[in-house]
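Taking it in order: structure first as structure tokens, then the write-up.
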Amino acid sequence: MTGRGDVAIVGAGPIGLAVAWRCVQRGRRVTVLDPAPGSGASSVAAGMLSPVSESYFGERELTALLVDSAARWPAFAAELGEAAGVDVGYRAEGTLVVALTADDLAAVDRLRGYQAGLGLPIEPLVGSALREREPLLAPGVRGGAHAPTDHQVDPRRLVPALRRAAVAAGVTIRAGAVTDLSTVDSETVVVAAGCGTAALTGLPIRPVKGQVLRLAAPGGEPGFRHVIRGHADGSSVYLVPRRGGEVVVGATEEERADAQVTAGAVRDLLRAATDLVPDLAEYALVETGVGHRPGTPDNAPVIGPLPGRPGVIVAAGHHRHGIVLTPVTADLVVDLIEGGAAPSPFTPDRFAEAVRG
Ligand code: GLY
């Protein structure tokens with residue numbers, strides 16, 4: 001039976017679980033529904049927390065949200081780690097942006113100039129300075145930049161930790177599929193269903209396929225400490241080192257919904273990765289995977305009340321930024337449930353026409 005103030009959350013990915021955890025901390029009775037908890041995009045995500053190096057032209061409001069959420073990460077990771085009794089793999093060594101050729105460097109410098117112009121912390125570095133920080137970088141690397149506040153977390157530790165903390169605090173997680181929101185018996189329903197949010201709400205959220213590889217270093221340590229965002233002869237790649245020797249190599253960005261790992265994508269990712277860090281050619285290729293980012297027409301998330309559906313709140317459409325935006329999204333949704341204002345540039349009403357159909 002539903003009670004006053006009950007909250008049902010559709011989706012047990014990082015966003016849904018973080019909202020659940022924060023809601024139960026405010027004294028709500030919370031149920032999370034998901035047919036396969038933790039099996040969405042977060043199961044392959046690299047976990048980069050990159051508000052600076054992922055700030056792109058024309059996305060100022062999104063950048064401000066990314067910066068806000070990234071600033072919440074250290075406290076969020078510490079609180080979660082303590083509540084769940086596990087280390088969520090938060091690492092603060094920073095990110096190096098690395099350009100192989102002169103053309104790559106021209107593109108990197110252009111974006112870095114824009115990012116620095118916003119007042120974001122990013123410093124240019126010549127090739128020798130990059131290699132001083134990471135000796136495994138190829139001798140031919142031209143230059144790039146250092147983004148000291150772009151950090152990382154391990155989503156494969158994060159999601160189980162959120163589940164554990166949420167359940168310990170009193171959240172109920174049920175393995176159930178929701179195909180119609182009107183069947184969910186709760187005063188408030190939060191839709192945090194990633195790409196599945198489109199079918200439930202009518203919002204224009206589409207899958208953007210990402211192919212991701214995982215390598216294992218022969219010596220049990222990756223050989224580099226920074227997250228590397230690389231540009232190699234016009235191809236982009238990121239390399240995320242983890243303790244224990246894993247290196248995450250990502251990712252394609254394809255307007256497709258299939259889950260096929262393709263030979264061409266594996267070749268392109270490995271070519272770019274080994275052009276930048278030649279030693280990776282000796283690492284074992286231990287996993288290939290596909291995730292689907294929930295993309296929106298303006299690349300920004302959808303957070304707020306669903307037009308025409310009292311009691312329904314959306315927390316979805318985080319596209320490339322689901323992990324970094326987890327803490328701020330949870331806080332915004334909980335504030336909203338407790339009577340606060342919706343975060344104006346990101347509310348679903350900007351897509352009201354699509355919702356009305
Ligand atoms: N944020 C990294 C990606 O979406 O591939």
Side-chain angles (χ1 to χ4, degrees), residues 41-48 50 53-54 56 95-112 127 130-131 134 136-145 147 150 152 155-156 195 206-218 222-224 226-242 245-295 299 319-323:
S42 64
S43 64
V44 300
M48 289 175 298
S50 309
S53 51
E54 288 214 38
Y56 298 118
T95 293
L96 296 180
V97 182
V98 175
L100 188 62
T101 68
D103 282 352
D104 294 324
L105 186 56
V108 162
D109 279 346
R110 192 160 176 225
L111 186 59
R112 180 185 50 73
L130 285 167
R131 281 187 294 278
E134 292 296 0
L136 285 194
L137 285 171
V141 157
R142 286 279 180 140
D150 279 5
Q152 64 144 308
R156 290 184 173 177
C195 294
R206 69 187 195 285
V208 181
K209 178 180 174 183
Q211 301 191 48
V212 182
L213 316 177
R214 281 174 161 81
L215 310 181
F224 58 101
H226 295 82
V227 171
I228 294 174
R229 303 187 67 91
H231 301 265
D233 239 340
S235 297
S236 299
V237 70
Y238 51 75
L239 308 171
V240 183
R242 302 246 200 265
E246 182 178 87
V247 177
V248 184
V249 180
T252 62
E253 200 160 347
E254 305 165 65
E255 291 294 340
R256 306 170 62 105
D258 66 87
Q260 188 74 54
V261 175
T262 62
V266 173
R267 176 202 59 207
D268 292 347
L269 289 169
L270 289 179
R271 177 178 293 156
T274 54
D275 279 353
L276 294 163
V277 180
D279 280 23
L280 292 181
E282 308 297 331
Y283 292 23
L285 173 60
V286 290
E287 191 184 312
T288 58
V290 171
H292 296 99
R293 308 171 184 90
N299 295 333
H319 195 207
R320 299 177 57 89
H321 309 296
I323 303 295

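We use all heavy atoms of the structure for the numbers below, so side chains are in, but hydrogens, waters and symmetry mates are not.
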(request) Quick one: closest heavy-atom pair of R293 and T252, and the distance? (result) NH2-O, 2.9 Å

Could you give the side-chain donor-acceptor pairs of residues 265-284 under 3.5 Å, partners two or more places apart or in another chain?
unit_1	atom_1	unit_2	atom_2	d
T274	OG1	L270	O	2.7
T274	OG1	R271	O	3.3
Y283	OH	P222	O	2.5

(request) To the nearest 0.5 Å, tell me how far N299 CG sits from Y56 OH. (result) 10.0 Å

(request) Using modelled atom types only, decide if a donor and an acceptor are shared between the side chain of E54 and the backbone of H321 within a distance under 3.5 Å. (result) no

(request) Please report the closest heavy-atom contact between P155 and R242, naming both atoms and the distance. (result) CD-NH2, 3.6 Å

Identify every side-chain donor-acceptor pair in residues 206-217 under 3.5 Å, counting partners at least two apart or on other chains, and give the distances.
unit_1	atom_1	unit_2	atom_2	d
R206	NE	E255	OE1	2.7
R206	NE	E255	OE2	3.4
R206	NH1	T296	O	3.3
R206	NH2	E255	OE2	2.8
K209	NZ	D258	OD1	2.6
K209	NZ	Q260	O	2.7
Q211	OE1	T262	N	2.9
Q211	NE2	E254	OE2	3.0
Q211	NE2	T262	OG1	3.2
R214	NH1	V44	O	3.2
R214	NH2	V44	O	3.4
R214	NH2	A45	O	3.3

(message) With heavy-atom distances below 4.5 Å as the criterion, would you say the side chains of E253 and H319 are in contact?
(response) yes

(request) Would you please name every residue forming a side-chain contact (heavy atoms from CB on, under 4.5 Å) with S53, sequence neighbours left out? (result) S50, T95, V97, D150, R229

(request) Look up atom NE2 in H226 and atom CG in L130, then write down how far apart they are to the nearest 0.5 Å. (result) 9.5 Å

(request) Let me know which of L239, V240, V237, L136 forms a side-chain contact (heavy atoms from CB on, under 4.5 Å) with I228. (result) L239

(message) Main chain of P139, side chain of R131: is a donor-acceptor contact present, judged purely on distance under 3.5 Å?
(response) yes

(request) May I have the step-by-step check of side chain to side chain contact (heavy atoms under 4.5 Å, CB included) for F224 and V247, ending in yes or no? (result) CA-CA 10 Å; F224 58 101; V247 177; 3.8 Å; yes

